[in-house]
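Read through the structure below, which is laid out as structure tokens, and then see the notes.
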Amino acid sequence: MKYITTVNEKEYSIEVVDDHHVRIGDRLIHVNFEPVSGQPVFSLIMDGKSYESFVYAGEEDWQVLLRGRLFQVTVEDEREKRLRVAAGGGASEGGEYLMKAPMPGLVVAISVEEGQDVEKGQVLVILESMKMQNELKAPRAGKIGRIRVKAGESVEQKQTLLSIH
Amino acid sequence: MKYITTVNEKEYSIEVVDDHHVRIGDRLIHVNFEPVSGQPVFSLIMDGKSYESFVYAGEEDWQVLLRGRLFQVTVEDEREKRLRVAAGGGASEGGEYLMKAPMPGLVVAISVEEGQDVEKGQVLVILESMKMQNELKAPRAGKIGRIRVKAGESVEQKQTLLSIH
Amino acid sequence: MFNKVLIANRGEIAVRIIRACRELGLETVAVFSEADRNALHVRYADEAYLLGPAPSRESYLRADKILDIARKSGANAIHPGYGFLAEREDFASKCAELGITFIGPKPSSIAAMGDKAEARATVIKAGVPVVPGTEDVGNMTNDDLLRIAPSIGFPLLIKATAGGGGKGMREVRSLEEMPTLLASARREAESAFGDGNVYLEKLVEGARHIEFQIMADSFGNVIHLGERECSIQRRHQKLLEEAPSPFLDDELRQKMGDVAVRAAKSVDYVNAGTIEFLVDKDRNFFFLEMNTRLQVEHPVTEMVTGIDIVAEQLRVARGRQLSYTQEQVQFKGHAIECRVNAEDPFNNFVPSTGRITHSLIPTGPGVRVDTGVYPGFEITPFYDPMIAKLIVWGETRAQAILRMRRALEEYRIVGVRTNIPFHQTLMDSHRFMGGQFDTRFVEERFSMDDAIEPSEANSEIAAILATLVSHNETERSAQKVRRNERDASNWKWVGRWERMHR
Amino acid sequence: MFNKVLIANRGEIAVRIIRACRELGLETVAVFSEADRNALHVRYADEAYLLGPAPSRESYLRADKILDIARKSGANAIHPGYGFLAEREDFASKCAELGITFIGPKPSSIAAMGDKAEARATVIKAGVPVVPGTEDVGNMTNDDLLRIAPSIGFPLLIKATAGGGGKGMREVRSLEEMPTLLASARREAESAFGDGNVYLEKLVEGARHIEFQIMADSFGNVIHLGERECSIQRRHQKLLEEAPSPFLDDELRQKMGDVAVRAAKSVDYVNAGTIEFLVDKDRNFFFLEMNTRLQVEHPVTEMVTGIDIVAEQLRVARGRQLSYTQEQVQFKGHAIECRVNAEDPFNNFVPSTGRITHSLIPTGPGVRVDTGVYPGFEITPFYDPMIAKLIVWGETRAQAILRMRRALEEYRIVGVRTNIPFHQTLMDSHRFMGGQFDTRFVEERFSMDDAIEPSEANSEIAAILATLVSHNETERSAQKVRRNERDASNWKWVGRWERMHR
């Protein structure tokens, strides 16, 4: 199977040849790849070098934590890549943005009202978690849509708090 | 549910009243009992005292490892107890004894032959495991039945090595 | 003399105290919230009692329930750890009334030092230099504070009177932004300490945070165990501490140590405490506050002195003399502590919660880990995000950094994100290696991206790793589909059966 | 000067050496058998190469393959750890031929000390007292040995010439039983070392096993780092070591230390080594053998001296002088090491294999764990059963024992049985606490049953625990049956369908 893998805008053409070989560009490399203890931790021995890494599935990409550095990696097979290029490649920038709670916690305050115009970086919600107050800021300018939580309410991780149009 | 539980020939009458109470003899005790991390390790808070213990299922009993001491415990409900008492209680002493490998390893030597009379404590098999040679001895006197392995052979844990009649 | 100690705390510090008690043959009583039934401190203690629901205010801050449990269990001493009730004069007094030994200073010392404004006044009298700021005792209104602020000068700090750990602290650059910041500081202080009072202090720029560990017994002996360098902070939260400070020489150490001892004596201090100083670029030092309790970062002092501070706390609380004179305190080598927090350093340090599914703790020579978590334990949003302290010792600072590097690389915690990569990046930073940093370093002159440019080779390896994981995942789900097809055969069979019988 | 080290070993010692290399900035190359693909030393090293199938003879004993890998990877030094190739003169010579630094003594020293009979002859010349025994060099036939035995006198010991760790050792009480024991000793020695040669030694009764750690550089400097007490043994396998020995006073320590240095000098020793002595009740001491390598129990010496022995090995091998003179070696406090073996102390110490499903490592002040295993790792029957070393330090022996007790109680390893309960029982034994033991203590005067009688209360708790587990198990399987009933509903539905269409 052939993949186009992208790290920091650099593309790698990687073919998984069999269980113990990958071809990257035109180099054929011996790999010995094992998950550790059934966790999202992987041990890779490649041409004798030993690496260990966390590999997490993100929503659209993979997060690879290697030697203290985080790499955002997208992996597409050739068909996926063609489809995306044909579609024009643009992720929708304009539509509605749903602000979700990044962690479970207690809504301490909501600093905006429905219909209010906000600027990028403006504080919208204060969420208390682990005894720290966290300011959730607008990722872009827009108008506040529906606010779905009240101050004093407990929220779960990923629960939608409000929307920005 | 009521149980007769035996430790070192001492019998305890224990009733599991509900999730948080047991009655032992005529004392009603508050218990808070939790497995730890899905392992055969259990945390018990009983009348405020905190205990932690390994509890392993043996073939006929439970092995409880508590503060460095091992307790062999049998637990029977009242029906089981009546049945066992009715049956005369005697575990078969006379029949065939199957010597099984206590661990995986390599059979280094078999010191007896089929049909040979052996005494209790006589070395029957030498099994090498973890670079140690382990002598497996006759648990009682008898005559060697079939020998099912050969020197030089690798065996799995609990694999039958030979029988004594 | 007490023989059973109730530990009014949770997490790593509760475990730390239980260990010290056990090593001295003292019985231990744990208390726990509903979220902590399976916490390590509950598992390790001789006794354990439920306090109440998860929120601290309904559990670990419930002094009444804790004192009830002490009475019920026969605990005749209470160790408060840090945070929660550790610096509450009323709690220490209540213990005294009930004949329970509070393992810490006298209530009067807590009161004197706990109110930061009063503390300043007290040590000034003892000739200890302080940072300029509000000299008045607590309860100042916003109007008072806004009026006084210009005379102190900007930038300044709003600090919680009952505070500690950066909670309820705000930096103010101008009078205009002050009202909003006052409100949020009071709100945070109220939530963290149940006390919304604040005061003002001049912000010493380019300063280092250096603190001295104090030990005192009830015979009037007061010694210090040297300093800790705590300038590596983010949002006024310490992230890394080391001993000794790379900034002090023996002369300044002795001078500051003497002042620290004097400050402690000014409030008749007993037991362990910490005098925090700010030290400016020109080596002027100012008293900041005294923490009248065991400090999170006490292990770095233990590593360089060989003194078990918690054991010494227990001995002193039992009425013994200090085991050491000032001359007997010897320093050897260098120690560093990294606070491992459940927070994502690649996503603005947002707290991370969840169940720990796996962990691998670095071990070996010169490495110590103090933690209260283990695989299977759930990190909840109710408490502090610090889940472990990784402490190393080396013969020199350079060796300690190298050892910390290898220990951080070995450490695996799976299930929550941690700030371990932050510490790894810090260890690679030339300014940190050179000891050139102040309390603003992390926020202003450090970034997760800038330490060492990710090499081309590493990014290729990341690409290969992600590709292999993605490939295996696709293969596995393909197999699942095939298995489901087989599972669906019952229904196919039903279909066939139907046709057969039609 | 080398910069890349191949570690020709596995398990905790390979991990220990990798750590030391990393802390000195040296690159590391691991080798592994098919059973060890996921072992910690493979995960922690910079590079890793497969040696072959699981049995040692096809992997870790394959000197040829290891040297190939050194060449291929560019490793210009090899650390052999202990066991496997550590005391093979031919391997050390081969390294020298290939220009690879062997991190250990010269081949000639290994040869002189490795052949136990030659070693005796050598040290006798240097005026070192030895245990009476066969003076002749190896290759003695059974007939020779049977002839000589009576002149040494019974009881005596058969020992493997290439030996170590009690393998190939047998105790002989009479001439009659000697032929059988000779055969089994030779068989075990052949299997463990590839060399079936044995020799005889008088059995010193009531003796203690006390050894001295030696460090020597290539400039002729030889020092000792004090002694280790290793009398707690079972079947000639050490189970627990401590430093210092409760049996020595300063005078005897200095005398034995001097003799140990002299013994090392007699073979021009370089790098780390250990001189083992037997000490009888009257404090006479006899040279037993020299281990020309890093010792399993080196951490107790590290804990009391603060010296990192493996780092010092690496420095000396890089041609540096020793970092310490004899006068600079200072001893502080007391350290104890318990070897944690995968074996069942309640079932005649039979080895236990299986996958480790969970572990909780004791941590905190003064505790160190050296291990190569982790949850998810499989303990196979191919290698030594030692899976971890638990080491503690205390200011006094009593404090170290108390600390060891709490650490043992905290330690959880699930998936294999371990001898932790043995160590717990030992820590409770009055003879151990009193320091009153010799090498026969564990086998002859200690039992898992006799330390402290299990209290009535504990046996009631065990009864309740077993009852609750059994009850919950029964409940759960009842629920499973009910769930299966629901799962069967598809088939009920098929039946209904059939009836409907009939």
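Given the structure is predicted, the values throughout are model-derived calculations rather than measurements. Below, chain A is the first sequence line, B the second, and so on; all start at residue 1.
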Part of D:S470 within contact of chain B (heavy atom distance under 4.5 Å): both

Proximal component of D:L468, with respect to chain B [non-hydrogen, under 4.5 Å]: both

B:S43 side-chain N/O to B:E52 backbone N/O, donor-acceptor pair under 3.5 Å: no

Salt-bridge contact D:E343-D:R234 (side-chain N to carboxylate O under 4.0 Å): no

Side chain B:Q116, main chain B:E113, donor-acceptor under 3.5 Å: yes

Selection from D:S352, D:A342, D:P381 maximising heavy-atom pairs under 4.5 Å formed with chain B: D:P381

D:E188, part contacting chain B, at a heavy-atom distance under 4.5 Å: both

B:I144 and its side chain to side chain contact (heavy atoms under 4.5 Å, CB included) partner, picked from B:I110, B:V112, B:D117: B:V112

Parallel, tilted or perpendicular, as decided by the 30° and 60° cut-offs, for the rings of D:F377 and D:Y374: tilted

Which atoms of D:R417 approach chain B - backbone, side chain, both or neither, heavy atom under 4.5 Å: side chain

Most contacts with chain D, counted as non-hydrogen pairs under 4.5 angstrom, among B:I14, B:V22, B:I24, B:V55: B:I14

Part of D:A192 within contact of chain B (heavy atom distance under 4.5 Å): neither

D:Y60/D:F382 aromatic ring centres below 6.0 Å: no

Part of D:L360 within contact of chain B (heavy atom distance under 4.5 Å): neither

